[in-house]
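To keep things clear, I will list the structure first and then write my remarks on it.
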Amino acid sequence: MGDEIVFSTVSKCFAPIDRDAWNALTQGVAWADFLDASRRLLQRGAKLGEDESPASRVRLSCPLQDFLSVGEVNALFAPPSWEDVRSFAALHFTGGLPASAPPIESLYRLPGDGAEPFAPHGESRLPGSYYGESARYMRDLVRRMGMSLPPAFADCPDHLSIELDLLAVLLRSGMTHQAREFLSERFAWLPAFRLRLLGLEDQAHVRFYVGLVDVLLGVWLQHAADAASKRPFNDV
Amino acid sequence: MSEHAITRRSFLAGSAGVAAAIAGSEFLSFGSWQQAYAEEAAGPTTTAHSLCNACSTKCGFTAYVVDGKLDKIIGDASHPYCEGTLCARGYGYADIAYSADRLTDPLKKNESGQFQAISWEQAYAEIGEKVQSIIKESGPETLAIVQDPRPSGKYYSQRFMNALGSPNVYTHGVACNMSKNSGFAQVIGASDYTSDVENSKMTMFIGRSYADAIRPSALHALEKAHEAGAYIVLVDPRLNNSIAFADEWVPINPGTDLAFILGMAHVLVSKGLYDKDYVAANSVGFDEWASYLQNCTPEWAQEITGIDANTIERLATMFAEAAPAASIEPSWRGAFGCSYDNSGETARAVCAFNTLLGCWNQKGGALFLPSVSASKLDAGTFPSVPKPEGTIVGAKEYPLSQSGMGVSVFAANLATTGMVRGMFFYNSNMVAGYSNPEHLKECVEALDLSVAIDVQMSETCMACQYVLPDTSYLERLELPEFVSAKTPVVTLRDKVIEKVHPNTRPVDQIFSELAEACGVGEYFTFSVEELADAQLASVGLSLDALRQKGTAAFPEKTFEYGKTPEWKTPTGKIQFASDACEKAGLPRVPQWREPAVSVPDDGASFRLIGGKQAIHSHTQTANIEALMDITKQYGLDRVWMNANRAAELGIADGDTVLVSNDLFSGQAQVKVTERINPEALYLPSHYGCSSPQQKTAYNVGLRQMDFVPYRLEEGYGGACTQETFVTVKKVGA
Ligand code: SF4
């Protein structure tokens, strides 16, 4: 199973998908494949986009518990119902409320902070504003690659779902190097988003979403350092 | 990999050929993109004309949009209110479009009091059903709407409410300029006039400051007047920032402007310094007023106002010498727009005094500027809405209140009795700004249906059951705005940028869809473009033409000095005496009337007064980060206290003080200054936001209205926003 399933699955978890799509995603083999792929990508030395080799299968020794908290693992192993995620999104993935935590990169970056990782902070205020530099970059990149944004994401091309979706598309298209570069550049805002999620009261479902973010962060942390140092990914 | 394999699970997908495109495309890293973006000036620039929404002046500007994002705005020289210059609020407020605190989806309050996103369909269905059941059970007169007028909002909100059969359409006027406008109407038959400041020899401002409550053209005129040697007088408990262009500050006791005007009028009348011919030819009731004025000597006025009798006499005499190129400026909210139980009567006295100067429509005097409006439109395309039966709620109890504004908080108050059951709010923060917020919140929460339409979560939104997300003013076309000026114009707020949030909707669409849901959709079968174009066609223009220019003038309607206006009063004359006022329980002629609340002479109490600062509009701009940064940098949220009073209370500049009365108590830093009357404590009107969703404004400073009880001015219905006092003590002393 390819790495792309990790990103395309998490992408859908943060998007407004319908009940059937949610059930298809979380009930049955698809979710097990996602967990399995996540576990593999989180292993030390795993490389994004690298074909599964017998050697890499051998390395599949560490369970998810080694990377995530017990609460997160439990939440990921028992994903919430569609009703629960809809109601979580209605409270937290909409704008303008005290408990708003939209998964949109522009909101977690200070204006002009460019690609620099954003220092997590505990303030109630989101540091950025809509349609920042990351949004315009994503809009241009999507266009450049001959794709189009669905209407629900027209205002926020830097929505986590779109960023992950693009990453999955790159992997599926065999653009592994570009996928790694994209991964390392794009996800520096996730610690700030994670902190925002942790500040919400709705902890039962927060654990599920934080678990998803921690999977992404685990992958990102493992690969970002390589990209930043400009070393080839396979030169480990 | 196949096309299908690449796009089948993707949101980004997927027309045929995407796989080939992706494979052939050159991935651009963020770093490379940033570099290219910086070097290539980032995509195409488009321009559009629009109108600022940061205050009700609605200055015209040209917006420059680079690559889909608002880049800059520049004031339009042809717009008569801005004359090419925008103020700081105008620039800062444009940030609202991209604000992290924008409302992005329709919201409904759940059982635990939390808002959660719902679909537009659900919102409309539930609101429509509730409206229809209220109409069925209690009649349409139990429904009301409150709006702070904007070009499309005022048209659509009125049409919507009238289509439902309710006459209850209110503005924010009760807490703004309604008492002033209503008082003026009793005397001159018009709700406002414009002082010809730049051509005047003398202009007196009472409680209004062009340099603090900015309209750029007004500030330009004041500057010109000052340079030309006009004598500019500021009557204000606080030395406001217009002093840069003024000659004299009259530090009057708050709430006593009426006595001051009566004292000056006494001088003119008793000394025969008024324009006798003008008064004889144009007015009724002068003798009645003259008789009352006999006792209003400057010495009498000194006792009340704290202003030396000689000053009152001197200023009155200077007025007589400068007339007719002189006037008392009409003010706005300031001292007598809504502040005291004597505000409407103060407004009458202002117009009566100007009449003594014979200054109406004279160069340098007080002018009635022309305006143009759209003619009646084709009823086939734009069907007329039947006039609702009955009068607006509050008109009976406050007969002098202007029906075009209405006593909104009185209507809200009736929610507690069930006589008003459903209220809509458009671009209106009634709860935080119109009277006591705690009381108004309870009123809104008592409604069977409450719906707010806004761009961010105001205190009024918080109190409502449903909140519908509006587009920002930059994201929509609105109806043409006709502006009165020496040469009247029509202006346009055109769409500048695409919607930032796809699930927000413009006001015209929201009201049209609400009407459909409430069963009166037949009155909303046209688009805003069609209506705008038809309105413009009725005055010889077109939407396309106005889109190009932003502002179009009607030179054939240009104002001419010296023409006697048509006095639209019941007598057809200027009315020193008013039957309507008498019927409302007030004197026939403007007489001294104490404020309703007097400040105890206990050494610890102050009258709490408000007032604007140049970088904010009411509570509307406080959540703009760039503007709030200025507040913080200069400590603009401090309360102002007179230096002598501060010394008596052992308070030093910069101390933290506790401001209290029986309604509220809160801490603020204090600015100790000679620039304020000893009786007054000034609290800027922009702070104390209690909506945690407005994360920049939340909890900064104190809110004036928290200290103001629910009270309405007799006859006029003004919100009596300065009828309160507080005590102040140093924290930790
Ligand atoms: S005066 Fe300032 S805030 Fe008001 S409309 Fe003009 S630019 Fe905007």
Side-chain angles (χ1 to χ4, degrees), chain A residues 4-5 8 11-12 15 87 89-91 93-100 102 106-107 114-115 123-134 136-137 139-142 144-156 161-162 165-166 168-170 172-175 178 181-182 185-186, chain B residues 1 5-7 9-15 17-31 33-34 37 42-43 67-69 95 97-105 107 110 114-118 455-457 461 467 469 498-503 625 691-693 695-696 698:
Chain A
E4 61 88 10
I5 191 177
S8 62
S11 164
K12 287 185 179 66
S87 110
L91 288 166
F93 293 165
T94 183
L97 300 179
S100 287
S106 285
L107 293 176
E123 288 176 29
S124 65
R125 214 172 90 185
L126 292 166
S129 52
Y130 287 99
Y131 222 68
E133 211 174 21
S134 52
R136 298 198 299 284
Y137 165 66
R139 177 204 59 187
D140 285 358
L141 186 59
V142 166
R144 193 183 173 92
M145 298 187 70
M147 297 180 287
S148 55
L149 287 161
F153 296 100
D155 61 324
C156 45
S161 292
I162 294 299
D165 195 40
L166 187 86
V169 168
L170 289 171
R172 286 200 292 266
S173 305
M175 300 169 79
Q178 290 87 337
E181 192 170 8
F182 183 80
E185 277 185 347
R186 273 295 35 88
Chain B
M1 191 173 269
I6 289 174
T7 61
R9 290 188 292 264
S10 175
F11 293 114
L12 286 167
S15 49
V18 159
I22 294 170
S25 69
E26 196 189 326
F27 173 83
L28 192 64
S29 72
F30 184 62
W33 176 87
Q34 271 186 313
Y37 205 79
D67 201 18
K69 184 155 189 186
D95 283 352
Y98 303 107
S99 163
D101 295 341
R102 279 280 300 272
L103 297 166
T104 57
D105 301 286
L107 301 170
N110 62 22
Q114 269 180 313
F115 279 110
Q116 62 184 74
I118 57 172
V455 288
Q456 56 188 2
M457 184 63 76
C461 293
V467 178
E498 291 303 318
K499 275 200 273 186
V500 173
H501 301 286
N503 209 25
E625 219 173 321
S691 167
Q693 290 89 329
K695 300 181 191 82
T696 298
Y698 183 55

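Here is the naming used below: chain letters follow the sequence lines, and residue numbers restart at 1 for every chain.
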>> Run the side chain to side chain donor-acceptor pair (under 3.5 Å) test against A:Ser134 and tell me which residues pass, sequence neighbours left out.
In response: A:Ser106, A:Asp158
>> Could you work out, with side-chain contact (heavy atoms from CB on, under 4.5 Å) as the rule, every residue matching B:Gln114, not counting sequence neighbours?
In response: A:Leu91, B:Asn110, B:Ser112
> Contact part of A:Arg136 toward chain B, heavy-atom cut-off under 4.5 Å: side chain, backbone, both or neither?
Replying inline: both
> Can you check side-chain contact (heavy atoms from CB on, under 4.5 Å) on A:Leu141 and B:Trp33, steps first, answer last?
Replying inline: CA-CA 9 Å; A:Leu141 186 59; B:Trp33 176 87; over 6 Å; no
> Could you state the interatomic distance from CG (B:Leu28) to CD (A:Glu181), rounded to the nearest 0.5 Å?
Replying inline: 9.0 Å
> Which heavy atom in A:Leu107 sits nearest to a heavy atom in B:Ala100, and how many Å separate them?
Replying inline: CD2-CB, 3.5 Å
>> Given heavy-atom pairs under 4.5 angstrom as the criterion, report whether the side chain, backbone, both or neither of B:Leu107 touches chain A.
In response: side chain
>> Using every non-hydrogen atom in the two residues, find where A:Tyr130 and B:Arg102 come nearest and quote the distance to one decimal.
In response: CE1-CB, 4.4 Å
> How close do B:Pro502 and A:Ala152 get, heavy atom to heavy atom, and via which atoms?
Replying inline: CG-O, 4.2 Å
> Parallel, tilted or perpendicular: which fits the ring planes of B:Tyr98 and A:Tyr131, with parallel below 30° and perpendicular above 60°?
Replying inline: parallel
> What's the spacing between B:Met457 CE and A:Ser100 OG if we round to 0.5 Å?
Replying inline: 8.5 Å
> Do B:Thr104 and A:Thr94 have a side chain donor and acceptor closer than 3.5 Å?
Replying inline: yes
> Of all heavy-atom pairs between B:Gln693 and A:Pro98, which one has the smallest distance, and what is that distance?
Replying inline: CG-CD, 2.9 Å
>> Using heavy-atom distances under 4.5 Å, tell me whether B:Ser29 contacts chain A through its side chain, its backbone, both, or neither.
In response: both
